[in-house]
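Below: the structure, in structure tokens.
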Amino acid sequence: MTRFVQLHVLTAYPPANLNRDDTGRPKTALLGDALRLRISSQSLKRAWRMSEVFEESVGREHRGQRTKLLGVELHRLMTQRGIADKQAREWARAIAGQFGKIKAEKRTDSDDDLQIEQLAHLSPEERAAADALAAACAQRQSEPTADELQLLRRPRAAVDIAMFGRMLAEAPAHNMEAAVQVAHAVTVHKAAVEDDFFSAVDDLNQGLEDKGAGHIGERGYGAGLFYLYVCIDRGLLLENLGGDGALCAQALKALVRAITQVAPTGMQNSFGSRAHASYLLAEKGRQQPRSLVQAFLKPVNPWGERDMLSLAVDALTQRRDNFDKVYGPCADSRCHFDVERGEGSLAEVVAFVQG
């Protein structure tokens with residue numbers, strides 16, 4: 001079976017602030033001695049896994065939950081069934097503690113004694129098993145046994161965990177290595193973060209005494225054509241999903257559809273910056289994977305009648321061909337779509353990736 005699938009994606013975003021830094025401005029990166037706009041892999045992966053597109057392909061029953069609040073939910077479940085607060089807290093801590101270290105030893109106003117220190121990624125079966133164990137403890141009015149706690153961890157049907165992995169510091173035997181590696185998306189050209197000054201009018205202010213704005217503000221934004229690289233280890237994805245070939249095929253479909261159709265949600269209401277991929281090159285083979293970001297170390301500059309997208313596609317395919325010349329074929333087969341030229345289709349790429 002083909003081990004690796006590599007995706008090279010070009011997506012053009014209008015003015016937007018899709019992924020903010022700690023100051024609220026779009027993230028950037030210095031590449032090839034030129035400033036680029038950047039979208040972090042974490043932002044992309046969350047947008048994909050939480051999207052309707054993803055859920056339509058794999059179903060909610062195959063999407064995990066990332067939370068610190070499992071213990072809070074279990075405590076509520078048990079107290080609603082008549083268990084005293086102190087006992088419910090102790091039992092909820094024991095169950096939630098199987099997925100990470102609990103924040104505090106003693107009860108606090110913010111329920112830190114029920115919260116997991118780090119976000120834990122739980123599969124649907126694990127969440128259902130935790131709820132069922134809490135209900136069983138409430139019914140029999142006794143604490144969970146060691147054997148019951150050990151049986152909680154079973155992530156095999158969570159597609160997003162199988163793709164993007166998870167780490168349980170308190171139970172490393174139940175860690176899962178990510179089968180999908182996602183690079184940070186960067187613009188193929190020089191880019192700048194610009195400032196948007198805006199004002200809002202008070203609808204009830206008749207301007208008789210004060211004609212000024214009811215509110216003024218400022219936010220950063222940027223626009224550009226982004227290159228994204230994704231590498232999928234199909235063998236590992238199948239293993240992470242417990243050898244379920246049908247679910248693996250669904251997962252690949254969900255991922256390709258989300259990558260090409262789902263934008264990060266940052267400030268979408270302010271900018272309406274939804275975009276579909278303009279170009280995608282998919283490659284399959286057992287060869288060592290490699291990104292094609294080197295194609296853009298020299299920023300793309302439109303000239304004459306050549307537009308940014310067509311120049312970027314040419315640079316990408318030229319770099320691919322040059323890698324093949326130097327290293328030998330870097331993939332056994334390829335498939336692409338190109339919106340600008342009207343070539344290929346998303347359906348063809350999905351079938352190629354699944355095949």
(request) May I have all residue pairs that pass salt bridge (charged side-chain N to carboxylate O under 4.0 Å, His left out) and include part of residues 315-332, sequence neighbours excluded? (result) D324-R334
(request) Using a strict cut-off of less than 4.0 Å between a Lys/Arg side-chain nitrogen and an Asp/Glu carboxylate oxygen, indicate whether R93 and E90 qualify as a salt bridge. (result) no
(request) Inspect the surroundings of CE in M167 and state if more than 12 heavy atoms from other residues, nucleotides or ligands are less than 6.0 Å away. (result) no
(message) Using side-chain heavy atoms (C-beta onward) and a distance below 4.5 Å, is S40 in contact with R38?
(response) yes
(request) Measure the shortest side-chain to side-chain distance between E73 and L77 over non-hydrogen atoms and say whether it is less than 4.5 angstrom. (result) no
(request) Count the heavy atoms belonging to other residues, nucleotides or ligands that lie under 6.0 Å from CD of Q261, then report whether that count exceeds 12. (result) yes
(request) Output the distance between atom OG1 (T265) and atom CZ (R46), rounded to the nearest 0.5 Å. (result) 7.5 Å
(request) Answer yes or no: is there a side-chain heavy-atom contact under 4.5 Å between L225 and H189? (result) yes
(request) Can you see which heavy atom on A34 is nearest to which on K190, and at what distance? (result) CB-CG, 3.6 Å
(message) Check K103 with D113, please: is the shortest side-chain N to carboxylate O separation under 4.0 Å?
(response) no
(message) Between D147 and T145, is there a side-chain donor-acceptor contact under 3.5 Å, judged purely by atom types and distance?
(response) no
(message) What's the separation between atom SG in C231 and atom CD in E283, rounded to the nearest 0.5 Å?
(response) 10.0 Å
(request) Starting at CZ of R156, measure out to CD1 of I161 and round the result to the nearest 0.5 Å. (result) 11.0 Å
(message) Assigning hydrophobic clusters by single linkage (Ile, Leu, Val, Met, Phe, Trp, Tyr; side-chain heavy-atom cutoff under 4.5 Å), is V53 placed with M50?
(response) no
(message) Hydrophobic clusters here meaning ILVMFWY residues chained together by side-chain heavy-atom distances under 4.5 Å, can you tell me if I116 and L133 are in one?
(response) yes
(message) Checking R257 against S57: is there a side-chain donor and acceptor pair closer than 3.5 Å?
(response) yes
(message) Less than 4.5 Å apart, side chain to side chain, heavy atoms only: is that true for L18 and S273?
(response) yes
(message) Would you say CD of Q141 has more than 12 non-hydrogen atoms from neighbouring residues, nucleotides or ligands within 6.0 angstrom?
(response) no
(request) Taking only Lys NZ, Arg NE, NH1 and NH2, and the carboxylate oxygens of Asp or Glu, determine whether K68 and E117 approach each other closer than 4.0 Å. (result) no
(message) A quick test of your reading: do over 12 heavy atoms of other residues, nucleotides or ligands sit less than 6.0 Å from CD of E56?
(response) yes
(request) Measure across A130 and I95 and return the closest heavy-atom pair with its distance rounded to 0.1 Å. (result) CB-CG2, 3.9 Å
(request) Could you tell me whether R290 atom CZ has more than 12 heavy atoms of other residues or ligands within 6.0 Å of it? (result) yes
(message) Heavy-atom count check: over 12 atoms from other residues, nucleotides or ligands less than 6.0 Å from K253 NZ?
(response) no
(request) Could you check V182 against W48 for side chain to side chain contact (heavy atoms under 4.5 Å, CB included), going step by step and ending with a plain yes or no? (result) CA-CA 12 Å; V182 181; W48 298 339; 3.8 Å; yes
(request) Answer whether the closest heavy-atom distance between the side chains of F337 and E348 falls below 4.5 Å. (result) no
(message) Please find the pair of heavy atoms, one from N17 and one from G220, that lie closest to each other, and give the distance.
(response) ND2-O, 3.1 Å
(request) Name all pairs fulfilling the ring pair (Phe, Tyr, Trp, His ring centres under 6.0 Å) condition that reach into residues 225-267, sequence neighbours left out, sorted by first residue then second. (result) H8-Y229, Y13-F226, Y227-F296
(request) Kindly compute the distance separating CD1 (I259) from NE2 (H276), expressed to the nearest 0.5 Å. (result) 13.5 Å
(request) Please lay out, stage by stage, how D112 and K106 fare under the test salt bridge (charged side-chain N to carboxylate O under 4.0 Å, His left out). (result) CA-CA 8 Å; D112 281 355; K106 296 182 179 180; over 6 Å; no
(message) Check this for me: E61, atom CD, are more than 12 non-hydrogen atoms of other residues, nucleotides or ligands nearer than 6.0 Å?
(response) yes
(message) So T11 and L228, do their side chains get closer than 4.5 Å, heavy atoms only?
(response) no
(message) Could you tell me if the side chain of T317 sits less than 4.5 Å from the side chain of Y279, heavy atoms only?
(response) yes
(request) State yes or no: do L149 and L70 share one hydrophobic cluster built from I, L, V, M, F, W and Y residues joined by side-chain heavy-atom distances below 4.5 Å, directly or via other members? (result) yes
(message) I need the F164 CZ to N240 CG distance, nearest 0.5 Å.
(response) 12.0 Å
(request) Would you please say whether a donor-acceptor pair under 3.5 Å links the side chains of R66 and H121? (result) no
(request) Say whether Q98 and R153, considering side chains only, have a donor N or O and an acceptor N or O under 3.5 Å apart. (result) yes
(message) Would you compute the distance between atom CG of D338 and atom CG of L309 and round it to the nearest 0.5 angstrom?
(response) 6.5 Å
(message) Assess the residue pair D307 and L311 against the criterion (side chain to side chain contact (heavy atoms under 4.5 Å, CB included)); give the C-alpha distance rounded to whole Å, side-chain angles, the decisive distance to 0.1 Å, and a yes or no.
(response) CA-CA 6 Å; D307 64 274; L311 289 171; over 6 Å; no
(message) Do the side chains of R166 and E126 get close enough for a salt bridge, i.e. N-O under 4.0 angstrom?
(response) yes
(request) State, without any angle test, whether Q65 and T67 hold a side-chain donor-acceptor pair at a distance under 3.5 Å. (result) no
(request) Inspect the contact between R341 and D314 and indicate whether a charged nitrogen and a carboxylate oxygen are less than 4.0 angstrom apart. (result) yes
(request) List the steps and the verdict of side chain to side chain contact (heavy atoms under 4.5 Å, CB included) for K27 and I39. (result) CA-CA 7 Å; K27 290 184 176 180; I39 305 173; over 6 Å; no
(message) Is there a side chain to side chain contact (heavy atoms under 4.5 Å, CB included) between V262 and F54? Walk through the geometry before answering.
(response) CA-CA 9 Å; V262 176; F54 194 89; over 6 Å; no
(message) Does atom CG (D195) have a neighbourhood of more than 12 heavy atoms from anything else shown, all under 6.0 Å?
(response) yes
(request) Answer whether the closest heavy-atom distance between the side chains of L252 and L237 falls below 4.5 Å. (result) yes
(request) Would you check, one step at a time, whether the test salt bridge (charged side-chain N to carboxylate O under 4.0 Å, His left out) holds for R140 with E148? (result) CA-CA 14 Å; R140 71 191 186 215; E148 288 173 327; 2.7 Å; yes
(request) Look at the side-chain heavy atoms of Ile, Leu, Val, Met, Phe, Trp and Tyr, link any pair under 4.5 Å apart, and say whether V9 and L37 land in one connected group. (result) yes
(message) Any salt bridge linking D85 with R107? Criterion: basic side-chain nitrogen under 4.0 Å from a carboxylate oxygen.
(response) yes
(request) Report yes or no: is the cationic atom of R234 (NZ for Lys, CZ for Arg) under 6.0 Å from the centre of the six-membered ring of F4, at an angle within 45° of the ring normal? (result) no
